Participant: 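Got a structure for you, written out below as structure tokens; questions coming shortly.
A, B, ... follow the sequence lines: proteins, then strands. Residue 1 opens every chain. Just so it is clear, the model here is predicted, and its values are computed rather than measured.
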There are 2 protein chains.
Amino acid sequence: MRQPNGVNLYVYIVVFCLRQIRLEVLLAAGDNPTQGQQWVLPGQLFDPTLSLENLAQQEMQRCAGIQQAYLEQLYTYSDLEPTSKPHSISVVYFSLVPADHDPTASSHPAFGGWFPVDRRPIMAEDYENILAYALRRLRYKLEYTAVGFELLPDTFTLSELQHTYEIVLGEKLDKRNFRRRILAASIIEPTASLRSGEGRPARLYRYRPDAVAEVKTRRLFP
Amino acid sequence: MRQPNGVNLYVYIVVFCLRQIRLEVLLAAGDNPTQGQQWVLPGQLFDPTLSLENLAQQEMQRCAGIQQAYLEQLYTYSDLEPTSKPHSISVVYFSLVPADHDPTASSHPAFGGWFPVDRRPIMAEDYENILAYALRRLRYKLEYTAVGFELLPDTFTLSELQHTYEIVLGEKLDKRNFRRRILAASIIEPTASLRSGEGRPARLYRYRPDAVAEVKTRRLFP
DNA sequence: CCAAAAGTGTTCTATGTACACCCATGC
DNA sequence: GCATGGGTGTACATAGAACACTTTTGG
């Protein structure tokens with residue numbers, strides 16, 4: 001499957017999803033028969049009839065039955081396999097899937113599986129580096145954009161939102177401060193409904209798509 | 001010069017430099033003979049014997065005689081020329097050159113020219129979009145990293161540093177606040193020397209390469 | 001009535017912002 | 001001695017961090 005002009009061009013995806021109290025990542029079954037089961041990032045050879053972004057979407061459909069989700073470009077790596085000429089170029093995309101996505105809805109479950117990021121199988125070093133970078137990017141973006149809502153269903157409670165942040169950032173947040181600030185930012189609005197569970201029912205909120213999602217950055221200098 | 005497998009892969013660079021009181025960008029003479037002089041972003045077809053980053057460096061050498069400078073990946077575009085099949089993929093790099101770089105040191109001056117970003121020739125829409133994105137990235141990064149020092153010579157006065165920020169960000173900064181904060185951050189250190197000019201000589205400072213360059217981000221939520 | 005999660009304000013500290021004058025040099 | 005840019009501190013406003021109890025429901 002080598003492309004003819006001395007370079008293999010690939011498109012890869014790193015897809016994150018929140019399930020229960022864990023952040024999970026989508027991996028694909030590698031096709032290296034010598035080493036038993038090997039997991040890799042989902043990806044495919046570039047197809048010049050599609051755009052890069054469409055190829056990433058197609059790969060999400062193929063591996064996890066995901067029709068649409070938040071998708072952004074992560075990075076383009078050259079020489080992921082430095083030992084092998086001709087060298088390869090990999091355009092990697094980064095995606096977030098809402099927590100209510102049904103993980104069994106994969107069109108071809110054999111192509112992919114979800115793993116908690118802190119209990120995932122170890123992959124080849126290149127893939128590990130990409131995943132580590134994707135995680136860093138997720139944490140950064142969570143801090144200064146509203147990207148966290150991409151991991152939640154359309155409506156959610158304030159506690160669910162807070163837990164999302166705590167899981168991804170890996171630290172506990174103060175409930176009162178969290179609520180005060182997110183309400184002050186007015187990027188969410190209450191719905192009419194409540195969610196019942198253990199304890200007192202909680203108000204459901206929804207993200208306001210017209211919200212200004214970026215926080216003003218704190219400058220290194222005034 | 002079309003690559004054989006249905007996709008043309010290019011590497012482009014967006015290079016910024018500070019000259020006098022202006023931010024300048026490096027452009028290349030386009031080779032479209034029908035439209036008179038046309039300026040484009042410097043770039044070349046991908047060469048599979050080099051890495052993407054090395055190709056970007058080679059292009060900087062070729063267009064402006066720049067041996068080494070700050071270089072990071074900006075974005076990978078597909079379909080820069082949507083009307084023409086086979087479509088093209090362009091990996092774009094972003095570079096900053098110190099102000100003391102000699103603009104006449106280009107090995108082949110005919111290949112490139114420096115233009116003030118606010119008085120540059122209009123380019124094709126794709127290039128304009130890339131340049132606009134590069135400028136946005138420069139401003140963002142200036143605010144939360146120490147990337148501004150890449151635009152300055154090894155030693156500089158505090159006023160020069162402040163002017164760098166003012167030029168790139170496009171706004172005036174308060175001298176006392178600027179100095180207090182940058183010194184408190186201890187990412188620069190005074191040298192023994194002074195620079196004389198009009199008025200009182202100014203202390204020269206240098207960037208501390210061991211400095212922690214990232215400011216902690218201001219969070220959207222606590 | 002008890003367990004479990006939801007909801008709610010105040011105080012203190014740190015950070016950011018606004019602002020005006022004296023200093024050292026060259027001409 | 002004057003024009004030019006270099007250098008310095010304080011007061012006020014805003015934002016962030018720490019902290020504990022009451023409310024509502026289901027079992």
Participant: Rounded to whole angstrom units, what separation is found between the CG atom of A:L194 and the C1' atom of D:dT23?
Facilitator: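 About 14 Å, once rounded to whole Å.
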Participant: Measure CZ/B:R203 against P/D:dG5 and give the value in whole Å, please.
Facilitator: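 Spelled out: CZ on B:R203 to P on D:dG5 is 20 Å.
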Participant: Among the nucleotides C:dA4, C:dG9, C:dA6, which one has an atom lying closest to any side-chain atom of A:E198?
Facilitator: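 Closest of the options to the side chain of A:E198: C:dA4.
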Participant: Between B:L158 and A:G197, just flag the one whose closest nucleotide in DNA chain D comes earlier from the 5' side.
Facilitator: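 Here B:L158 is the residue nearer the 5' end.
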Participant: Rounding to a whole Å, what distance do you find between A:K175:NZ and D:dT23:P?
Facilitator: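 Atom-to-atom, A:K175 to D:dT23, this comes out as 14 Å.
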Participant: Rounded to the Å, how far apart are B:F178 CZ and C:dT17 C1'?
Facilitator: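 One finds 16 Å between C1' of C:dT17 and CZ of B:F178, rounded.
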Participant: May I have the distance from A:R200 (atom CZ) to C:dC1 (atom C1'), rounded to whole angstrom?
Facilitator: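 Going from A:R200 (CZ) to C:dC1 (C1'), I get 18 Å.
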Participant: What's the CG-C1' distance between A:D174 and D:dA20, to the nearest Å?
Facilitator: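 That distance rounds to 11 Å.
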Participant: On DNA chain D, does the nearest nucleotide to A:R176 precede the nearest nucleotide to B:L204 from the 5' side, or the other way round? Give the residue.
Facilitator: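 Here B:L204 is the residue nearer the 5' end.
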Participant: Could you give the CG-to-P distance, from B:L161 to D:dG6, as a whole number of Å?
Facilitator: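 Going from CG in B:L161 over to P in D:dG6 covers 12 Å.
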Participant: Taking OP1 and OP2 of D:dG16, is either one under 4.0 Å from a side-chain nitrogen or oxygen of A:R181?
Facilitator: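 Indeed, a polar side-chain atom of A:R181 lies that close.
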Participant: Please work out whether the ring planes of A:Y75 and A:Y133 are parallel, tilted or perpendicular, with thresholds of 30° and 60°.
Facilitator: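 Taking A:Y133 first and then A:Y75, their aromatic rings stand perpendicular (interplane angle over 60°).
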Participant: Is there a donor-acceptor contact under 3.5 Å from the side chain of B:S90 to the main chain of B:Y10?
Facilitator: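 It does not hold such a pair.
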Participant: Walk me through it: do A:Y12 and A:Y77 pass the test side chain to side chain donor-acceptor pair (under 3.5 Å)?
Facilitator: CA-CA 10 Å; A:Y12 284 97; A:Y77 296 86; over 6 Å; no
Participant: For B:L173 and C:dA18, give me the distance from atom CG to atom P, rounded to whole Å.
Facilitator: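 So the CG-P distance, B:L173 to C:dA18, works out to 11 Å.
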Participant: Counting the benzene-type ring for Trp, do A:Y127 and A:W39 have ring centres under 6.0 Å apart?
Facilitator: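 No - the distance between ring centres of A:Y127 and A:W39 does not fall below the 6.0 Å cut-off.
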Participant: In terms of side-chain geometry, is the basic nitrogen of A:R137 or A:E72 positioned less than 4.0 Å from the acidic oxygen of its partner?
Facilitator: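 The answer is yes: the pair qualifies as a salt bridge.
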Participant: NA contact type, B:S159, heavy-atom cut-off 4.0 Å: base, sugar-phosphate, or nothing?
Facilitator: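 Sugar-phosphate: the residue B:S159, judged by heavy atoms under 4.0 Å, touches backbone atoms but no base.
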Participant: Find which nucleotide of DNA chain C each of A:R180 and A:P201 is nearest to by heavy atoms, and output the residue with the more 5' nucleotide.
Facilitator: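 Going by which nucleotide is closer to the 5' end, it is A:P201.
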